[in-house]
Amino acid sequence: MKMDIKVTLTEQPKARPTDESKLGFGKTFSDHMFAIDYSAAEGWHNARIQPYQPYVIDPASPVLHYGQEIFEGLKAYRTADDHIQLFRPIENARRMNRSAERLCMPDLDPEFQVEAMKCLVEVEKDWVPRSAGTSLYLRPTMFGDGAVLGVHPAPVYHYFIITAPSGAYYARGLAPVRIHIEDNYVRAVRGGVGFAKTGGNYAASLKAAAEASAKGFDQVLWLDGRENKYIEEVGAMNMMFVLGDTLVTPMLEGSILPGITRDSVLTLAKDRGMKVEERRISVEEILEAYEAGVLKEAFGTGTAAVISPVGELEYKGRQLIINNNEIGPVAQDLYQTLTSIQNGSAADPHDWIVKVC
Ligand SMILES: *Cc1c(COP(=O)(O)O)cnc(C)c1O
């Protein structure tokens, strides 16, 4: 798809955050956004970079009633020699289209999505922070619009990308998190929309997260929606375990998000000659591995946190303290290797990096 992106710059640039240690996640947004619109008659049209601004939508808009919304998340990194680069953006674009397909939304050429990301990041290059561990977070999003209350796919869609300078995702950095294994609520079922990055999955997760948070946990670990038995994933992270000398992670069966960090970590682990297994993992197996001293490490993987070590798992009142509540060698090593590729301080053997400017 060849389409020009019209650039209109803001006349009122915002003050950029000066203290990069206080960036947090998704609290400040840059000056501009990418936007493009879709209708059946016109297809995708009006591709533009414009000042960051609200959408005006009809109260009958389908996204407000039936939740036709999908999104992505990826980061732009500043390298030591002051270039800016993206990590595997084409994978985000492809996953956006897989989510779109599941929710009956139109797809948008992946190459063009990456063009739009690059164009926007170049306009916002001064918003990419410089300190170690920081990045410019990109949030591509699409929603269904129009003024029709019938339960049908929306007549109109808006795709946009906003960006937010971001610090470390977890306030406590790489410090291990406490996770509650959820045995009451479920997030997704096979055949549902668990593999799609859609807002509804998150809306459905808020109550369990709030209850776990009230009990002092950082995150909820979901079990499968049919048998309440197999490990699925955590909030916005895929889950990995080191059992003996093997890296084990739940297989993709349609109910969990196929994380790009997950895929990257599995690839890097194989590169280092580690044994890797993608399969079903029951909570029972984890409890037994813990008792037998075989559960060496547990960690989550996702763009926002990259790797988040798990120090404690709680299941039905039982407490599992993992690796003495410290980050383990496998998580540490994979974190170091992956972030070094992302920030340009190490070679990129798998062609994952896309230079912006
Ligand atoms: C985005 C997301 C992940 C992580 O995916 P990455 O591509 O690694 O960022 C994992 N689980 C859920 C539910 C997500 O929404």
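Please read all numbers here as calculations on a predicted model, not as lab measurements. Just follow the structure's listing: the first ligand is 1, and inside any ligand the first atom is 1.
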For ligand 1, is there an atom lying under 4.0 Å from some heavy atom of Ala236? yes
Minimum heavy-atom distance between Ile327 and Asn323, given as atom pair plus value: O-ND2, 3.4 Å
Mark up the atoms of ligand 1 that fall under 4.0 Å of a heavy atom belonging to Tyr202, in ascending order. 12 (C), 13 (C), 14 (C), 15 (O)
Search all heavy atoms of Met237 against all heavy atoms of Ser308 and return the closest pair with its distance. SD-CB, 3.6 Å
Out of Met239, Lys197, Glu233, whose heavy atom sits nearest atom 1 (C) of ligand 1? Lys197
Is any N or O atom of Arg95, backbone or side chain, closer than 3.5 Å to an N or O atom of ligand 1? yes
Backbone, side chain, both or neither: what part of Arg187 comes under 4.0 angstrom of ligand 1, heavy atoms only? side chain
Gly259 heavy atoms within 4.0 Å reach ligand 1 at atoms 5 (O), 6 (P), 7 (O), 8 (O)
Check: Phe160 ring centroid to Tyr55 ring centroid under 6.0 Å: yes
Checking Lys207 side chain against Tyr185 main chain: does a donor-acceptor pair fall under 3.5 Å? no
Heavy-atom distances under 4.0 Å decide this one: backbone, side chain, both or neither, for Met237 against ligand 1? backbone
Checking contacts here: is it the side chain or the backbone of Leu257 that comes within 4.0 Å of ligand 1, counting heavy atoms only? Could be both or neither. side chain
Tyr202 and Phe71 aromatic centres sub-6.0 Å: yes
